[in-house]
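The model shown is predicted, which means the values in this text are computed figures rather than measured ones. Numbers restart at 1 for each chain; the letters A, B, ... are given by sequence-line order, proteins then strands. The basis for the numbers below is simple: all heavy atoms, side chains too, and nothing from hydrogens, waters or symmetry mates.
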Amino acid sequence: MHIYDSVQKTKLPFEPIHKGEASIYVCGPTVYDDAHLGHARSSLAFDLLSRTLKAFNYKVTMGKNFTDIDDKIIKKVEETGKSMEEITSFYIKRYVKEMEAIGVQRAEIEPKATESLEAIESMIQKLIDKDFAYVISTGDVYFDTSKDNCYGNISHQVGEDDDNQSRVEHTSFKRNPKDFALWKACKGSEDICFDTNFSSGRPGWHIECSAMIEKHFKGSDTYSIDIHGGGADLLFPHHENEAAQSRCATGHELSKYWMHNGFVQIDGEKMSKSLGNSFFLKDALSVYDGEVLRYYLNSVHYRNNFNFNEEDLLTSKKRLDKLYRLKKRVSPGKGSSVNKNFKQALLHAMGDDLNISIALSVIDEMIATTNDALDSEPKNKALKKETLANIEFIDSLLGFGNKEPFSYFQIGVDEALKKRIEILLEKRTEAKKAKDFESSDAIRDELIAMNIAIMDTAEGTLWEKI
RNA sequence: GGAGCCAUCGCCAAGUUGGUAAGGCCGUAGAUUGCAAAUCUGCUAUUCACCAGUUCGAGUCUGGUUGGCUCCUCCA
């Protein structure tokens, strides 16, 4: 198994700190709004990582946090008059539900900032005690980046005198321009505050992740976790800062490997709130099936940017359809055991830094070969069973192909419509028997107008929702 | 201003250590079909933004040019 480390910028063999185990921490969402396609992509990317590591027999412990203390949440509290807890629990529920719809497995650990305050406080205290952090008169606590001579090793972004055009605000309280807040003291009475030794206030964003990792992962003498993941936009400053805090507080590096996923773009631009081009996952799910979305969003290598458009999504659906048509052909039945070569080819592809393109091409090849074999030997039971097992393996590794194939092609068709289709098909079969092709073709046209495609097979006429 | 990523067929997209361009969609010819659909088979980039260099040999390495994107502010 090889993964690309975005700090060393090369593909490296994955050698975990504890043999046979893989600890992963991914930066989760700040829960003040619905998840957009970018959240989906990130989740999907690391879901694929987790599934692949499991397929390679690693015992995976994945942690994905919910940032539930944040300025934007506080703003939402002020706007809506609702409590912070009401807002965050609402969006956490939605997030979990929507991620489930696109087949993302739940992380083993899902910590929240509000449940990690003790860990956060003790880590900040440790940094103050070791003189890596300082408290200013307002009660804010800052991390002193000049004390950490490894600062910049993660993102390689810190120049010697980079303050010329830097957009970082220069606060006179800060000792260095790159210093960042570990703790923000209360400003007004409406503020959301937690009491600590240094001041009453709330944690900064970066420290939340570091503290949660220390709290939940056993780590080792050299690293706290194996893999730290997140969107490419988090590399700097968030991951740089996380790494610095953890390094200075614990005396060892935070993560052995760092992985970053590319962005979802619309018309070549990053999808973001500020550009006003974000596309909520819930909206996509109201139009497209979650499994199709999963297939589509995962169809491009995780490190590349992903240009979202409907045409490509439909192309992905066609590809997925082919898998389900094959499944239809070999169903019902029980899977026997996976074809060894097929399994090996898939693992080889995914083991190479999650090369999904190769994996999908391996699947397409398997589909074509099997269909071919089935054309000449329609009753090959052993092949059917093996194919079912192959599809089960695809599902466990890549997270699609699990649905009952007939229902897959009937998504969005209600019982009344189903009955109508059945009646029309019966009529058509009769007309065909009587060689009344004019009538049978008319019925077919009628069905097509209803967005129903039909196909005549040896086992009778089958239909699909287009 | 600083840092980095990317540019491969009409579209999407692979391409570890340089060795002579996967796969999908679309298109097209055929098998099959009453005709379709589905399925299968064949065809579909002498060429990898451009220029120069290294090399027996470069999409792959080096330098430059052009174009696109991202980070340095919250962001997956």
Asks: Tell me what A:Lys322 touches on the nucleic acid: a base, only sugar-phosphate, or nothing, going by heavy atoms under 4.0 Å.
Replies: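 A:Lys322: backbone/sugar contact only, no base atoms under 4.0 Å.
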Asks: Base, sugar-phosphate, or nothing: which does A:His301 touch, judged by heavy atoms less than 4.0 Å apart?
Replies: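 The residue A:His301 makes sugar-phosphate contact but no base contact.
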Asks: Mark yes or no for a side-chain to base donor-acceptor pair under 3.5 Å between A:Asp441 and B:G34, with no hydrogen or angle criteria applied.
Replies: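 Answer yes: a donor N or O sits under 3.5 Å from an acceptor.
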Asks: Go through B:C74, B:A22, B:A76 for me and flag the one nearest to the A:Leu234 side chain.
Replies: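 Shortest atom-to-atom distance from the side chain points to B:A76.
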Asks: Within the structure shown, what part of the strands sits under 4.0 Å from A:Arg329 by heavy-atom distance: base, sugar-phosphate, or nothing?
Replies: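 Counting heavy atoms under 4.0 Å across all strands, the contact made by A:Arg329 is with sugar-phosphate only.
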Asks: Under the salt bridge (charged side-chain N to carboxylate O under 4.0 Å, His left out) definition, can you give me all pairs with a residue in residues 258-272 of chain A, not counting sequence neighbours?
Replies: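 Matches after skipping sequence neighbours: A:Asp233-A:Lys270.
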Asks: Can you name the side chain to side chain donor-acceptor pair (under 3.5 Å) partners of A:Tyr302, sequence neighbours left out?
Replies: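 Counting only residues at least two positions away or on another chain, A:Tyr302 forms a side chain to side chain donor-acceptor pair (under 3.5 Å) with A:Asp353.
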Asks: Please give the nucleotide sitting opposite B:U62 as a Watson-Crick or G-U wobble pair, both distances under 3.5 Å, or none.
Replies: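 Looking at the geometry, B:U62 pairs with B:A52.
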Asks: Using the side-chain contact (heavy atoms from CB on, under 4.5 Å) criterion, which residues pair with A:Lys112? Sequence neighbours excluded.
Replies: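 With sequence neighbours excluded, A:Lys112 shows a side-chain contact (heavy atoms from CB on, under 4.5 Å) to A:Phe66, A:Asp68, A:Ile92, A:Thr114, A:Glu115, given in chain and number order.
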Asks: With a 4.0 Å cut-off on heavy atoms, is A:Arg325 in touch with a base, just the backbone sugar-phosphate, or nothing at all?
Replies: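 Answer is sugar-phosphate: A:Arg325 comes under 4.0 Å of backbone atoms only.
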Asks: Of all residues at least two apart in sequence or in a different chain, which pass the side-chain contact (heavy atoms from CB on, under 4.5 Å) check with A:Asp352?
Replies: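 A:Asp352 satisfies side-chain contact (heavy atoms from CB on, under 4.5 Å) with A:Lys11, A:Asn355 only.
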Asks: Could you list the residues that satisfy side-chain contact (heavy atoms from CB on, under 4.5 Å) with A:Asp144, not counting sequence neighbours?
Replies: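 With sequence neighbours excluded, A:Asp144 shows a side-chain contact (heavy atoms from CB on, under 4.5 Å) to A:Tyr134, A:Ser146, A:Lys147, A:Arg175, A:Asn176, A:Asp179, given in chain and number order.
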Asks: B:C12, B:A76, B:A14: which one has an atom nearest the side-chain heavy atoms of A:Asp312?
Replies: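 The nucleotide sitting nearest to the side chain is B:C12.
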Asks: Pick out the pairs of N or O atoms, protein on one side and nucleotides 26-31 of chain B on the other, that lie under 3.5 Å.
Replies:
residue : atom : partner  : partner atom : Å
B:C26   : OP1  : A:Lys318 : NZ           : 3.4

Asks: Go through the structure and list residues passing side chain to side chain donor-acceptor pair (under 3.5 Å) with A:Thr67, not counting sequence neighbours.
Replies: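 Side chain to side chain donor-acceptor pair (under 3.5 Å) list for A:Thr67, sorted by chain: A:Asn65.
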Asks: If you look at every strand shown and take non-hydrogen atoms under 4.0 Å, does A:Ala368 touch a base, only sugar-phosphate, or nothing?
Replies: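 Sugar-phosphate: the residue A:Ala368, judged by heavy atoms under 4.0 Å, touches backbone atoms but no base.
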Asks: Please name the nucleotide paired to B:G30 by Watson-Crick or G-U wobble geometry with both distances under 3.5 Å, or report none.
Replies: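 Across all strands, the one nucleotide that pairs with B:G30 is B:C40.
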Asks: Could you tell me whether the side chain of A:Arg444 has a donor or acceptor atom within less than 3.5 Å of a complementary atom in the base of B:C35?
Replies: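 Looking at the base of B:C35, it does pair with a donor or acceptor on the side chain of A:Arg444 (distance under 3.5 Å).
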Asks: Quick one: label A:Ser440 by what it contacts on the DNA or RNA (base, sugar-phosphate, nothing), any heavy atom closer than 4.0 Å.
Replies: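 If one applies the 4.0 Å heavy-atom cut-off, A:Ser440 turns out to touch a base.
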Asks: Which residues satisfy the salt bridge (Lys or Arg N to Asp or Glu O under 4.0 Å) test with A:Lys318, sequence neighbours excluded?
Replies: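 A:Lys318 satisfies salt bridge (Lys or Arg N to Asp or Glu O under 4.0 Å) with no residue once adjacent residues are dropped.
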Asks: Name the pairs: protein N/O against N/O of nucleotides 66-70 of chain B, kept only if under 3.5 Å.
Replies:
residue : atom : partner  : partner atom : Å
B:C69   : O2'  : A:Gln265 : NE2          : 3.0
B:U70   : OP1  : A:Lys270 : N            : 3.1

Asks: Not counting sequence neighbours, which residues clear side-chain contact (heavy atoms from CB on, under 4.5 Å) with A:Ser155? List them please.
Replies: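 So A:Ser155 forms a side-chain contact (heavy atoms from CB on, under 4.5 Å) with A:Gln157, A:Leu235, A:Phe236, A:Glu240.
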Asks: Within the structure, does a side-chain N or O atom of A:Asn304 lie under 4.0 Å from either OP1 or OP2 of B:A14?
Replies: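 So the side-chain polar atoms of A:Asn304 do come within 4.0 Å of the phosphate oxygens OP1 or OP2 of B:A14, strictly under.
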Asks: Under a plain distance cut-off of 3.5 Å, with no hydrogens placed, do A:Thr387 and A:Lys327 share a side-chain donor-acceptor pair?
Replies: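 No - no donor-acceptor pair under 3.5 Å links their side chains.
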Asks: Could you verify whether a donor N or O on one side chain and an acceptor N or O on the other, from A:Asn261 and A:Arg303, lie under 3.5 Å apart?
Replies: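 On atom types as modelled, these side chains do not qualify, holding no pair under 3.5 Å.
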Asks: I need the residues from residues 455-466 of chain A with at least one non-hydrogen atom less than 4.0 Å from RNA chain B; give them sorted by number, or say none.
Replies: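 Contacting residues: A:Met455, A:Asp456.
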Asks: Select base, sugar-phosphate, or nothing to describe what A:Asp372 touches, counting heavy atoms under 4.0 Å on all strands.
Replies: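 Since only primed, P, OP1 and OP2 atoms lie under 4.0 Å of A:Asp372, the category is sugar-phosphate.
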Asks: Checking A:Lys418 now: which residues fulfil salt bridge (Lys or Arg N to Asp or Glu O under 4.0 Å) with it, not counting sequence neighbours?
Replies: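 A:Lys418 satisfies salt bridge (Lys or Arg N to Asp or Glu O under 4.0 Å) with A:Glu415 only.
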